[in-house]
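Below: the structure, in structure tokens.
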Amino acid sequence: MQTLPIIRHLIDGQLVTGGNRSQEVFNPATGQAEKRLLLADKLTVEQAIASAHAAYPAWRATPPLKRARVMSKLKVLLEENADAICALVTAEHGKVLGDALGELQRGIENVEYASYAPELLKGEHSKNVGTGVDSWSEFQALGVTAGITPFNFPVMVPLWMWPMAVACGNTFVLKPSERDPSSALLVAELALQAGLPPGVLNVVHGDKEAVDTLLGDKRVQAISFVGSTPIAEYIYATGCANGKRVQALGGAKNHAVVMPDADVPNAVSALMGAAYGSCGERCMAIPLVVAVGDATADAVVAGLKVEIAKMKVGPGTDASNDMGPLVTKQHFDKVKGYVDQGVAEGATLVVDGRNVQVPGHEAGYFLGACLFDHVKVGMKIYQEEIFGPVLGVMRVNTLQEAMDLIDAHEYGNGTCIFTRDGEAARYFTDHILVGMVGVNVPLPVPVAYHSFGGWKRSLFGDLSAYGPDAVRFYTKRKTITQRWPSAGVREGSVFSFPSTR
Ligand code: NAD
């Protein structure tokens with residue numbers, strides 16, 4: 001048997017082994033196992049939690065400006081090591097290098113935002129709330145916090161979480177996706193180089209056993225999760241039942257409405273990237289177009305057909321490719337199964353990517369772009385998240401009909417409208433039951449100084465990821481009221497409720 005390089009855990013500043021189970025990590029472009037990942041057992045996760053717990057008091061006491069400086073140094077190291085990080089993303093996830101660089105850049109912007117922590121943690125102050133009484137709120141760290149992340153943004157989503165958590169004075173245990181764990185681990189090693197003390201950030205690899213240990217351990221105060229909705233719901237319910245603060249971001253099925261007055265060629269260009277970029281493995285991808293009017297639908301389908309024919313599918317390491325492979329063989333089979341299902345359900349398969357061949361990469365998990373027309377509400381390919389390069393077109397007669405469809409769907413992560421009509425756009429953005437909305441912007445992913453979160457079954461919890469919400473999520477408000485009576489002045493007892501009456 002071939003000996004594969006081992007991916008280890010990072011605990012207390014050291015790369016360590018732990019757990020008797022392991023699994024292979026594949027290169028999706030070749031279908032070959034290239035590394036072996038250790039899967040943490042309960043004891044290993046408890047060691048990581050213990051390390052984070054021990055590191056907490058000193059880190060909490062470290063001035064916010066010093067914590068922020070670590071983030072500033074990390075930003076520089078991430079930029080300097082961008083090629084190495086992106087190479088790991090492409091080797092394990094499969095996305096093209098330019099796309100990996102895009103996600104890294106978005107992650108870096110979160111590190112940059114975390115470096116503003118001293119400003120963000122300033123709190124609120126009111127002088128003289130009563131005679132001689134001052135009051136202020138400060139935002140204190142929680143303690144040990146944890147993050148569990150999905151495969152599709154292996155470098156960015158961990159950076160949504162731990163930089164702000166540690167900048168706020170917490171310590172952290174990260175459990176990255178077991179399918180593509182190496183880039184998050186490299187970033188954590190760079191954080192140590194940037195000056196993060198050992199134990200402030202620990203990385204454990206693993207599956208349900210590792211996650212359940214985090215969910216059950218009393219020392220873990222808060223959990224951030226990003227992944228599929230069934231697991232998000234489980235994490236939220238279990239974490240809350242165990243008394244933790246939880247934010248759990250789940251799946252999506254994002255609709256793009258194309259109005260009759262839209263600039264169709266530009267809408268088609270935008271839809272191509274939104275549907276097929278990263279092989280459709282984005283929670284903000286557009287897998288559904290809702291065209292208002294048959295003429296609009298015909299123009300969109302015709303335009304997409306032309307553009308799909310120009311697409312290049314192949315390994316993500318070749319910069320001339322537009323789309324790489326799906327992440328694993330299992331996911332490839334699942335996505336292909338949805339295409340078979342759509343045909344069986346009666347949708348019109350306008351472009352069939354199922355037989356795409358990439359010379360020299362016959363064992364890779366490549367699926368070409370697929371396009372369905374006449375998708376209907378009752379179909380599984382409409383209801384369920386496919387998470388692959390499969391775009392469906394639906395036909396409706398009015399904007400209201402399009403909005404009713406979107407509002408009735410179980411997910412509410414992202415949506416967008418293509419139009420030149422300001423009134424329609426304003427009505428749409430005002431009323432649609434979705435958390436992130438674009439107007440002629442197909443992927444309305446908020447920048448790092450806003451926050452990211454869907455509605456309905458795309459987010460469990462009250463606070464969104466990163467940005468200002470992250471400052472609130474990773475801190476507890478404490479409100480202090482104080483007065484300093486003059487020495488020697490005798491004050492009587494007051495039995496009525498204190499007020500400024
Ligand atoms: P996933 O739910 O399979 O896995 C996410 C994490 O949960 C991984 O770390 C995994 O190890 C862990 N996990 C898996 N099964 C578990 C179980 N039974 N018990 C405990 N932990 C478990 O998701 P994925 O396939 O890695 O990622 C794709 C999904 O993530 C899609 O549904 C996508 O929409 C969603 N996603 C959502 C957002 C968002 O912001 N809303 C962002 C990115 C991805």
Exercise for review: Inspect the contact between Lys122 and Glu138 and indicate whether a charged nitrogen and a carboxylate oxygen are less than 4.0 angstrom apart.
Suggested key: no
Exercise for review: State whether the side chain of Asp322 and the backbone N or O of Val313 hold a donor-acceptor pair below 3.5 Å, judged by distance alone.
Suggested key: no
**Study point:** Nearest atoms (heavy-atom pairs only) where Ala232 meets Gly250
**Key:** CB-CA, 4.1 Å
Practice item. Kindly say whether Leu433 contributes a backbone atom to a donor-acceptor pair with the side chain of Asp407 at under 3.5 angstrom? Key: yes
Check your understanding: Just checking, is any N or O donor in the side chain of Lys380 or Gln341 under 3.5 Å from an acceptor N or O on the other one?
Key -> no
Exercise for review: Using a 4.5 Å cut-off on heavy atoms from C-beta on, say whether the side chain of Glu209 contacts that of Lys42.
Suggested key: yes
Review point. Within 45° of the ring axis of Phe153 and under 6.0 Å from its six-membered ring centre, is that where the NZ or CZ of Arg282 lies?
Key: no
**Study point:** CD/Gln14: more than 12 non-hydrogen atoms of other groups inside 6.0 Å
**Key:** no
Check your understanding: Does the ring center of Tyr382 lie less than 6.0 Å from the ring center of His255?
Key -> yes
Exercise for review: Report the C-alpha distance between Asn254 and Leu288 in whole Å, list the side-chain angles of each, state the deciding distance to 0.1 Å, and finish with yes or no for side chain to side chain contact (heavy atoms under 4.5 Å, CB included).
Suggested key: CA-CA 6 Å; Asn254 307 314; Leu288 288 169; over 6 Å; no
Point to revise | Asn128 atom CG: more than 12 heavy-atom contacts under 6.0 Å | key: yes
**Study point:** Backbone N/O of Val166 and side chain of Trp59: donor-acceptor pair under 3.5 Å
**Key:** yes
Point to revise | Residues, nucleotides or ligands: over 12 heavy atoms within 6.0 Å of Asp83 CG | key: no
Exercise for review: Taking all non-hydrogen atoms of both residues into account, name the closest pair between Val335 and Pro389 and its distance.
Suggested key: CG1-CD, 4.1 Å
Exercise for review: Compute the centroid of each ring, for His331 and then for Tyr365, and state whether the two points are separated by less than 6.0 Å.
Suggested key: no
**Study point:** Heavy atoms of other groups near Asp430 CG, more than 12 under 6.0 Å
**Key:** yes
Check your understanding: Do Phe151 and Glu281 come within less than 4.5 Å of each other through their side chains, counting heavy atoms only?
Key -> yes
Check your understanding: Does Phe225 reach the side chain of Leu249, with side-chain heavy atoms less than 4.5 Å apart?
Key -> no
Review point. Would you call Thr328 and Pro28 a side-chain contact if the rule is heavy atoms closer than 4.5 Å?
Key: no
Exercise for review: Before giving the answer on side chain to side chain contact (heavy atoms under 4.5 Å, CB included), spell out for Met436 and Met284 the whole-Å C-alpha distance, their side-chain angles and the decisive distance to 0.1 Å.
Suggested key: CA-CA 9 Å; Met436 293 170 283; Met284 289 294 277; 3.8 Å; yes
Exercise for review: Could you walk me through whether Ser182 and Val25 pass the side chain to side chain contact (heavy atoms under 4.5 Å, CB included) test, one step at a time?
Suggested key: CA-CA 10 Å; Ser182 297; Val25 177; 5.9 Å; no
Check your understanding: Going through the distances and angles, do Trp162 and Leu159 end up as a side chain to side chain contact (heavy atoms under 4.5 Å, CB included)?
Key -> CA-CA 6 Å; Trp162 70 258; Leu159 291 173; 3.9 Å; yes
Check your understanding: Is there a donor-acceptor pair closer than 3.5 Å between any side-chain N or O of Arg60 and the backbone N or O of Ala141?
Key -> no
Practice item. Determine whether the side chains of Thr229 and Arg457 contain a donor N or O and an acceptor N or O closer than 3.5 Å. Key: no
**Study point:** Test salt bridge (Lys or Arg N to Asp or Glu O under 4.0 Å) applied to Arg21 and Asp207, step by step
**Key:** CA-CA 10 Å; Arg21 294 182 302 125; Asp207 51 15; 2.9 Å; yes
Check your understanding: Can you name the nearest heavy-atom pair linking Ala114 to Ala167, along with the distance?
Key -> O-CB, 3.5 Å
Review point. Does a side chain donor of either Tyr236 or Lys244 reach within less than 3.5 Å of an acceptor in the other side chain?
Key: no
Review point. Can you tell me if Arg36 and Ser22 form a side-chain donor-acceptor pair at under 3.5 Å?
Key: yes
Exercise for review: Determine whether Phe473 and Thr145 make a side-chain contact, defined as any pair of heavy atoms from C-beta on separated by less than 4.5 Å.
Suggested key: no
Review point. Can we say Arg477 and Glu124 salt-bridge, meaning some charged N sits less than 4.0 Å from an Asp/Glu carboxylate O?
Key: yes
Review point. Quick check: are there more than 12 heavy atoms from other residues, nucleotides or ligands sitting under 6.0 Å from NZ of Lys456?
Key: yes
**Study point:** Main-chain N/O of Met323 paired with Asn321 side-chain donor or acceptor, under 3.5 Å
**Key:** no
Exercise for review: Determine, stepwise, if the pair Arg219 / Glu46 fulfils salt bridge (Lys or Arg N to Asp or Glu O under 4.0 Å).
Suggested key: CA-CA 10 Å; Arg219 291 167 294 185; Glu46 284 174 350; 5.3 Å; no
Practice item. Could you check if a side-chain atom of Ile108 sits within less than 4.5 angstrom of a side-chain atom of Glu79, using non-hydrogen atoms only? Key: yes
**Study point:** Polar side chain donor-acceptor pair, Gln105 to Glu103, under 3.5 angstrom
**Key:** no
Practice item. Taking the side chain as every heavy atom from C-beta outward, state whether Leu97 and Leu101 have any pair of such atoms under 4.5 Å apart. Key: no
Practice item. Could you tell me whether the side chain of Ile235 reaches within less than 4.5 Å of the side chain of Phe460, counting heavy atoms only? Key: no
Practice item. With rounding to the nearest 0.5 Å, note down the distance linking NZ in Lys35 to CG in Asp180. Key: 9.5 Å
Revision key, fill the gap. Heavy-atom closest pair (Gly251 atom, Ser458 atom, distance to 0.1 Å) is O-OG, 2.7 Å
Exercise for review: Could you pull out the closest heavy-atom pair between Leu38 and Val16, with the gap in Å?
Suggested key: CD1-O, 4.4 Å
Review point. Looking at Glu491 and Arg483, does any basic side-chain N land under 4.0 Å from a carboxylate oxygen?
Key: yes
Point to revise | Backbone of Leu77 reached by a side-chain donor or acceptor of Asn81 within 3.5 Å | key: yes
Practice item. May I ask you to check whether Glu385 and Tyr411 show a side-chain donor-acceptor distance below 3.5 Å? Key: no
Point to revise | Residue pair Thr479 / Ser135: nearest heavy atoms and the distance that separates them | key: CG2-OG, 3.9 Å
Practice item. Carefully, step by step, assess Asn110 and Tyr449 under the rule side-chain hydrogen bond (donor to acceptor under 3.5 Å, both in side chains). Key: CA-CA 8 Å; Asn110 282 279; Tyr449 41 98; over 6 Å; no
